[in-house]
Amino acid sequence: MNRVASILGIKYPFIQGAMSWLTDAKFVAAVSNAGGLGILGPNAGQHSVTTSADETAERMRDQIKQVQQLTDKPFAVTLIVTGSSTSIFTKKILDVVLAEHVPAVLLNSLGGVAGADFGVDPETMAVLKGHGIKTVVRSLQPSIEDAQAVEKQGADVYVATGFDEGGTLPGGEIGSFAIMPMIADAVKIPVLLAGGIGDARTVNAAFALGAEGVYVGSRLIPTVENPAAENVKQLIVDSTAEDLTLFRTVPDYYRSLPTKLREQMIANDKQLPRDEAVKANGKLMGGTSGMRIGMLDGDLEHGYVSVGTGISMVHAIQPVQEVITDMMRDYKA
Ligand SMILES: Cc1cc2nc3c(=O)[nH]c(=O)nc-3n(C[C@H](O)[C@H](O)[C@H](O)COP(=O)(O)O)c2cc1C
């Protein structure tokens, strides 16, 4: 039996990537009902920012309760944990995860970026393990050292993210094709591949490279259930990897489909010295505000549209169930 499916109690070793602003209870439940593991990401189900940790946690509780009404299948919640410390936001969300009996979590760590430790916050890991909660770890920057540290800490599953992905790009600049066998050879726990997976061919390729499952973000945005704006879903369907441009920003790189804001960031990248371009573009993006404005509100002037290079395989906006069934059509349990 496939280890990822068996550990997480799911039909397919298919995990939906946590995507800031672009998940909600309906979408996550659709993924879990289709046989994958849905993950409530940062700002799940929200259209506005709150600076209150209590409100952030209560918003997440509300989404968790909605998922539990829509599916009886396993799902996960994202916890952002750096190597040595954890924010009050994460602590409050962890309390909610425990109180609401969420079966699995995605742990987002830094993977040694900017001097951070490898692995995840040991205290959080101990609490999760003590409660029997399954742990999927995805570091901002995957590496051999990070994967081994995470394995030693007792994580259930590690995600190797290649440079082909959408969202915050790993500064290591290693493509999905190369990172997968490198990490699979370094650890014994199951490894999933993230980055550029968009159809059955790329799922099969991931398995051929040593993956025991796939971790998919961009392909799931142009789906009926995803909360992204309709014009953004259609833009993704109408675009290919050739329409994406890479630019430097905090912490390293992003890429976006054409928007007015993207053009400003490309200009900064071309005209300014590296550090200045990173700073200027980080400011323009406003954390993930530019993602909310571009992708959730559909404002292609003031926001950006961050997706991975796998979008060339997307030809229609489809229900989540159809997408996952088709992507996993060659998978044998
Ligand atoms: C719009 C967007 C937002 C994302 N936001 C997050 C996030 O908040 N946290 C996270 O761990 N990963 C985030 N990611 C990365 C995904 O979890 C996943 O690693 C990635 O989508 C996989 O590559 P793919 O897009 O080629 O499928 C985001 C990806 C996208 C496309």
Peer 1: Same hydrophobic cluster for Leu106 and Phe27, using side-chain heavy-atom links shorter than 4.5 Å among ILVMFWY?
Peer 2: no
Peer 1: For Arg201, look at atom CZ and say whether over 12 heavy atoms of other residues, nucleotides or ligands are found less than 6.0 Å away.
Peer 2: no
Peer 1: Just checking, any donor-acceptor pair under 3.5 angstrom between side chains of Glu165 and Tyr215?
Peer 2: no
Peer 1: What I want to find out is whether Glu230 reaches Lys233 closely enough, with some N-O distance under 4.0 Å, to be called a salt bridge.
Peer 2: yes
Peer 1: Would you say Glu322 has more than 12 foreign heavy atoms packed within less than 6.0 Å of its CD?
Peer 2: yes
Peer 1: What about Phe75 and Val4, same hydrophobic cluster or not, with Ile/Leu/Val/Met/Phe/Trp/Tyr joined at side-chain heavy-atom distances under 4.5 Å?
Peer 2: no
Peer 1: Does a donor on one side chain and an acceptor on the other come within less than 3.5 Å for Thr245 and Arg262?
Peer 2: yes
Peer 1: With sequence neighbours excluded, what pairs up with Ser139 under the side-chain hydrogen bond (donor to acceptor under 3.5 Å, both in side chains) test?
Peer 2: Ser109, Asp146
Peer 1: Should the ring pair Phe247 and Tyr254 be called parallel, tilted or perpendicular, given that the plane angle runs from 0 to 90° and is split at 30 and 60?
Peer 2: parallel
Peer 1: Take atom NZ in Lys26; do more than 12 heavy atoms of anything else shown fall under 6.0 Å from it?
Peer 2: no
Peer 1: Do Lys188 and Glu151 sit within salt-bridge range, that is, some charged N less than 4.0 Å from a carboxylate O?
Peer 2: no
Peer 1: Does a salt bridge link Arg274 with Asp252, judged by any charged N lying under 4.0 Å from a carboxylate O?
Peer 2: yes
Peer 1: Donor-acceptor check, side chain of Gln318 to backbone of Val323, threshold 3.5 angstrom: yes or no?
Peer 2: no
Peer 1: Could you grab the distance from atom CG of Asn43 to atom CH2 of Trp21, nearest 0.5 Å is fine?
Peer 2: 3.5 Å
Peer 1: Assess whether atom CZ of Phe207 is packed by more than 12 heavy atoms of other residues, nucleotides or ligands within 6.0 Å.
Peer 2: yes
